[in-house]
Amino acid sequence: MDSLLTKIKGSVDKNRDEALSFLRDLIRIPSVSCNESEISEFSVVKMKEVGFNTVKTDELFNAMGVLKGASKGKNLLINGHLDHVPVGNMVDPYSGKILNGSRFGVEGEVMYGRAASDMKAAVAAMIMAGYVLNDVGVELQGDYKVSAVTQEETGGFGTISTIEKNNFVGDVIITGEATDMNISLGHRGTMKMGVVVKGRSCHASAPDRGLNAIYDSAELIRKIKTDLIPILPTNEIFGKTTIAVTRMDVNPNVGNVIPEECRLTIDCRNGPDYSAEKLKEDINHVIKSIKSENPSFDAYVLPYSIVRGQRKFTGFYTDPDVYSEVEQVTRYVKNVLERTPKSTTWKFATDGRFYSWLGIPVIGFGPGEERFAHTHEDHVKINDYLDAVKTYSWLACSICGVRNR
Ligand SMILES: [Zn+2]
């Protein structure tokens with residue numbers, strides 16, 4: 001085995017407690033989207049402490065660190081988000097306690113807590129990699145950059161700001177969103193569609209005088225489920241296009257009035273072969289078919305759904321036939337894990353898309369399993385987290401290059 005890799009592995013093993021306590025500290029700081037100032041400050045302090053040469057923040061509390069290279073190699077940037085979704089009824093969400101993984105059906109010890117898998121383990125690993133690189137005394141040829149961003153869960157405003165206002169990018173981007181230590185090359189697009197279902201208000205004591213928009217919405221939702229969802233296309237790379245009705249806003253939203261209107265939000269995750277126009281067409285088709293049986297049914301698709309999307313496809317894919325970095329990163333990961341990582345795509349969307357749209361190769365690699373993200377079972381395997389620290393350190397050495405080897 002390469003002696004530098006041996007040193008990296010030794011350094012992570014030696015600093016195991018330090019790495020674990022850093023991750024636990026991150027989990028213990030609540031950081032629901034738009035409330036990231038405390039965790040951002042904490043990350044900045046840590047970046048400085050472990051030896052990043054320049055560390056800066058911006059008005060959105062993004063934390064950006066650079067471990068300066070000799071400007072003779074490629075710059076690697078690892079992106080991870082600091083924010084997380086609300087905890088709901090999760091038990092001890094900010095404990096960061098170590099548990100036996102068997103309760104979640106996984107092997108070995110895990111660290112439990114909101115955002116452990118999505119994605120504080122990856123953020124901790126990318127910062128700890130800076131510590132390890134300094135500990136083993138390598139001098140990088142290119143820059144190793146970490147971008148710990150905010151507001152990912154609410155649309156990616158943090159990453160967009162780091163790119164647009166700070167030009168904080170690299171030649172190769174790794175995003176640490178959960179891949180279960182495999183390689184992810186992209187994900188489907190995401191679109192939201194609004195549908196209004198019209199009714200007619202009246203006093204709830206005499207419902208027959210009106211037309212209940214909730215009842216008609218229920219019919220629309222049922223038809224979407226039985227007639228549309230089963231026939232959505234499956235893409236070779238991205239998998240199946242999915243639709244979910246995720247919101248219903250009722251107007252008026254009071255207990256003694258038959259509602260006159262419902263606004264449904266439909267979340268669609270699509271392959272490039274299923275456009276916003278096609279979604280609109282399909283929803284209209286469902287509306288028409290209900291109308292043919294029930295002439296008083298009245299619903300329409302809100303126009304913003306189409307107008308707002310400037311890109312035809314809002315997902316991304318880093319094609320291995322176009323970008324040799326995919327093969328390289330796969331090989332470097334294999335060096336560390338001593339197994340060939342699987343190549344996959346995410347079900348959810350990531351900030352990786354913003355870099356990919358600039359033509360930069362974006363490759364996903366992170367600890368944590370996608371199936372536990374946003375669940376009450378959120379956790380990360382301890383060994384995977386530590387292996388992620390090793391892998392990010394090795395990726396920095398391999399992609400940026402090192403002096404005197
Ligand atoms: Zn995430």
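The chain is numbered in sequence order, starting from 1. Remember, predicted model here, so these are calculated numbers, not experimental data. All ligand and atom numbering here is 1-based and tracks the order in the structure.
- Distances from the Zn ion (ligand 1) to each N, O or S atom of H81 single out NE2 as the nearest.
- Residue D118 approaches the Zn ion (ligand 1) most closely through its N/O/S atom OD1.
- With no hydrogens or angles considered, a side-chain donor-acceptor pair links E153 and H374 at under 3.5 Å.
- A salt bridge links D387 with K390: the distance from a Lys NZ or Arg NE/NH1/NH2 to an Asp or Glu carboxylate oxygen falls below 4.0 Å.
- Side-chain contact annotation: D378 with S117, donor-acceptor N/O pair under 3.5 Å present.
- A salt bridge is absent between E107 and K381; no separation between the charged side-chain nitrogens and carboxylate oxygens falls under 4.0 Å.
- In summary, E177 places an N/O/S atom under 2.8 Å from the Zn ion (ligand 1), meeting the contact criterion.
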